[in-house]
Amino acid sequence: MTEIIVVTSGKGGVGKTTTSASLACGLARRGKRVAVIDFDIGLRNLDLIMGCERRVVYDFVNVIQGDCSLKQALIKDKRFDTLFVLAASQTRDKDALTPEGVHRVLDALAAEGFEYVICDSPAGIEKGAHLAMYFADRAVVVVNPEVSSVRDSDRILGLLASKTQRAEQGNGGVKEHLLLTRYCPRRVASGEMMSVADVKDILGLDVVGVIPESTDVLSASNAGTPVILNDESDVAHAYDDAVSRLLGEAVPLRFTDAPKKGFFARIFGA
Amino acid sequence: MGLMSLFRRSPPSAVVAKERLRIIVAQERSARGGPDYLPLLRRELLQVIHKYLEVDPDTVQMNLERCEGHEVLELSVALPQRPRS
């Protein structure tokens, strides 16, 4: 049984690729067979975040167009034997992705015995984003606690509920999860940032993860090592908790409370 | 939140953000699934009304309601005090 999970958001720059890479690694670390696909045709990036950019020979569009086999295009991760990356094409031809082609690749991945396929969606609501979500069983909607990101996510929720295979077939629809990134408990405490509860309230989704704002994310992408693998980082633990929740485990939220203030800070504000 | 915040007049910005989002998201959700021509229809109707009356675009409400078996397009325009001379 293969589960297809789309990582989407509408707005760009909120952490879709960071999240895709970390969830894929987290699942593979638990022994799952995972393929992670970059749907951002023309703007390949997942390979850099995964640290396999120099090993890309064939890409997603090559497989769809029959230039190579799926096996030739899947890049095996150097850290986990059960993790594979399918890079986006650098072509500028937006019509290179077709629903039939994507369907064929996903079916072939299922036949290869992959348990999870993570689809890293491009920003926006154009073709790439549409195809990334179309065949999904579940969606991880990545949101920053900020007005434009929340509004765009709601737009994406509308599309998930209408423009997906599951919605069209009427078999329960796509299961949606909320993943908050760049969360800053200190700013939430001072009333400058919407809280987990606020965003949850507006979007009406269950929370699969809350990732604290951290400089570790940039360091991880600089190094090409998904941030979930940095054991010293709170971000890694928060992503690992999200992986647990995706697998159905009940894990309490962490890193959502501001550090306690001292006496003077409480009197005078800070 | 310290003593200083007691003197702050405006509500915390996160409260403002949540309230603005609550309104716009509800509005966009109600328009969702409706026909694509609705925003254009609204704009053109406004232009026609504007030829005769000085109306504030914000006071024009348009709703498409689905009842059993039929749809009702409801247009509500708050008229100004006196018509355009």
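Since the structure is predicted, the reported quantities are computational estimates derived from the model, not experimental observations. Naming: A, B, ... by sequence-line order, numbering from 1 per chain.
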Can you confirm whether more than 12 heavy atoms, excluding those of A:E232, are under 6.0 Å from its CD atom?
no

Rounded to the nearest 0.5 Å, how far apart are CD of B:E19 and CD1 of A:I202?
9.5 Å

Tell me whether B:R20 at atom CZ has more than 12 heavy atoms from other residues, nucleotides or ligands lying less than 6.0 Å away.
no

Any residues in residues 122-156 of chain A near chain B, with a heavy-atom distance under 4.5 Å, and which are they?
A:V147, A:V150, A:R151, A:D154, A:R155

Taking all non-hydrogen atoms of both residues, which atom of A:G191 and which atom of B:P12 are closest, and how far apart?
O-CB, 3.3 Å

4.5 Å side-chain heavy-atom contact, A:M194 and B:V15:
no

Any B:K18 side-chain heavy atom under 4.5 Å of A:D201 side chain:
yes

